[in-house]
Amino acid sequence: MTASAQHHLPFSGDDGIIGIRTTADQDVLIRRAAELSGWTVSEFVLCAVLDRAERDVHTHAAVTGWENAAPTPVLEPVDSVVRLLGEI
């Protein structure tokens, strides 16, 4: 599990809001998975999305060779995703 999916990461509700629509079945599934992990729905969804974003950004970098264009400072995983998305 990457660091972005760890429960102890800080969360600031002041940075932005992303809303999604779900079916009743999707809502039940997401809520149940969050409950089983001991996380809130927001924490669970945020971590799942960050994991996917990290994977997609790293895949893109590997395919395009983008990661070799300039040295990247070592950042916390969440910070690195935010930084990478700002540069793409």
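Throughout, numbering of the chain's residues begins at 1 and tracks the sequence.
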Colleague: So does L36 have more than 12 non-hydrogen atoms from other groups sitting under 6.0 Å from CG?
Modeller: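 Enclosed: over 12 neighbouring heavy atoms sit under 6.0 Å from CG of L36.
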Colleague: Are V49 and I30 co-members of a hydrophobic cluster defined by side-chain heavy atoms under 4.5 Å apart?
Modeller: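 Shared cluster, yes.
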Colleague: What's the spacing between T22 OG1 and R31 CZ if we round to 0.5 Å?
Modeller: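 Atom-to-atom, T22:OG1 and R31:CZ are 7.5 Å apart.
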Colleague: By salt bridge (Lys or Arg N to Asp or Glu O under 4.0 Å), which residues pair with R32, not counting sequence neighbours?
Modeller: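 Checked R32 against salt bridge (Lys or Arg N to Asp or Glu O under 4.0 Å); matches are E35.
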Colleague: Might you point out which heavy atoms bring R21 and Q26 nearest each other, and give the distance in Å?
Modeller: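 Looking at all heavy atoms of both residues, the shortest contact is O-OE1, 4.4 Å.
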Colleague: Do you know which two heavy atoms are closest between R55 and R52, and how far apart they sit?
Modeller: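 What the structure gives for the nearest pair is NH2-CD, 2.8 Å.
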Colleague: Might you point out which heavy atoms bring W39 and F44 nearest each other, and give the distance in Å?
Modeller: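 Where W39 meets F44 most closely, the heavy atoms are CE3-CA, 3.5 Å.
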